[in-house]
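Note that ligands are numbered from 1 as they come in the structure, with each ligand's atoms numbered from 1 the same way.
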Amino acid sequence: MSATSRTTGLRALDARPCRAVVFDFDGTLARLNIDFVAMRSDVLKLTAQYGLAAETVCDLPALELIDRARATLAAVEPSRAEAYRAAAHTRIMEIELAAARAGELFGGTRELLVALRKRRIGTAIITRNCLRAVRTVFPDLDQFVDAAISREMTPRVKPHPDHLRTALAVLSAPPDGALMVGDHPLDMQVGREVGAFTVGVLTGSGNREGLTRAGARCILASAWDLLDLLDRAGQP
Ligand SMILES: [Mg+2]
């Protein structure tokens with residue numbers, strides 16, 4: 001990011017009191033290394049076993065693919081639709097839990113969350129991952145964040161805005177007093193759509209260009225650098 005765009009981001013942040021920070025989890029606060037290609041391939045195989053052609057689910061990510069396939073099945077074979085959905089989610093969860101067992105929180109994550117709490121800034125995690133996987137990596141999360149909204153806890157996952165809005169409602173924070181921090185373009189997309197200040201971090205799958213294109217107002221090397229960003233923006 002150029003010095004000019006960074007300064008513009010800081011000015012924008014300076015103009016709003018930061019009351020809440022909502023974090024993505026994988027790639028932002030923790031390293032999980034979920035194999036999304038293998039996950040999608042497994043789900044596609046299962047979908048084919050239920051007689052649905054790959055064309056019906058085209059390029060959708062695994063979670064949206066399951067929803068689309070389940071709806072298609074429900075229209076013709078309602079009795080098999082829920083069985084399909086349950087089997088697909090079981091497979092996804094197996095992959096997520098295996099990644100979580102080998103995963104770890106980034107160094108400094110707990111300290112960062114404590115520092116934000118000391119500043120009276122509410123914190124939440126929103127993730128497309130399941131809660132069991134998040135708790136496997138971060139078993140004491142309740143002591144450090146005010147809310148963790150996994151995919152089971154929202155009717156529609158990010159990039160749908162409901163996911164972030166759910167977290168902000170729990171934190172009683174308005175969108176224009178919130179930061180959305182994540183490593184993936186969809187985190188920037190959901191933050192922008194809801195009206196939060198978007199901060200991209202380079203500790204996960206996204207790169208500077210992709211995050212900026214998706215709407216990042218500011219790019220940081222890591223979530224830890226958020227404290228410095230708040231200091232430089234004159235936030236308390
Ligand atoms: Mg992520």
Side-chain angles (χ1 to χ4, degrees), residues 1 20-40 43 59-65 92-93 95-110 112-113 116 123-138 141 144-145 147-154 156-168 178-194 196-226 229:
M1 174 172 286
V21 178
V22 179
F23 294 96
D24 164 59
F25 190 62
D26 183 7
T28 301
L29 295 180
R31 181 183 299 105
L32 275 82
N33 295 327
I34 296 172
D35 188 343
F36 288 105
V37 174
M39 176 188 284
R40 193 169 181 282
V43 172
D59 295 329
L60 295 171
L63 294 176
E64 286 78 3
L65 186 164
I92 282 184
M93 195 179 291
I95 293 171
E96 288 171 336
L97 289 175
R101 284 191 287 270
E104 60 181 358
L105 277 188
F106 288 138
T109 288
R110 288 184 178 86
L112 166 64
L113 296 167
L116 291 172
T123 56
I125 293 169
I126 62 170
T127 176
R128 289 167 61 98
N129 210 328
C130 67
L131 192 59
R132 272 182 68 192
V134 176
R135 286 192 182 281
T136 297
V137 179
F138 195 179
L141 72 87
F144 292 90
V145 294
I149 315 292
S150 61
R151 69 160 173 273
E152 310 96 312
M153 300 161 75
T154 178
R156 288 172 288 200
V157 293
K158 63 181 180 178
H160 195 284
D162 280 358
H163 202 164
L164 178 52
R165 286 184 184 131
T166 300
L168 294 180
L179 272 62
M180 176 67 222
V181 183
D183 71 300
H184 194 281
L186 69 80
D187 297 312
M188 303 302 98
Q189 194 181 329
V190 70
R192 191 181 55 183
E193 188 149 345
V194 171
F197 186 89
T198 45
V199 179
V201 293
L202 301 174
T203 44
S205 61
N207 59 32
R208 183 179 296 274
E209 293 71 29
L211 291 166
T212 302
R213 210 167 32 243
R217 302 287 297 277
C218 183
I219 305 281
L220 300 175
S222 74
W224 178 253
D225 295 313
L226 201 56
L229 177 75

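With hydrogens and angles ignored, the 3.5 Å screen pairs no side-chain donor or acceptor of Thr198 with any backbone N or O of Arg192. In this structure, the side chain of His184 does not engage the main chain of Gly27 through any donor-acceptor pair within 3.5 Å. Although no hydrogens or angles enter the test, the distance criterion places no donor-acceptor pair under 3.5 Å between the side chain of Arg31 and the main chain of Phe106.
The nearest N, O or S atom of Asp187 is not closer to the Mg ion (ligand 1) than 2.8 Å.
Within Asp26, O is the N, O or S atom that lies nearest to the Mg ion (ligand 1).
Atom CG of Leu229 is separated from atom CH2 of Trp224 by 14.0 Å, given to the nearest 0.5 angstrom.
Seen from the Mg ion (ligand 1), atom OD1 on Asp183 and atom OD2 on Asp24 lie at an angle near 80° (rounded to 10 degrees).
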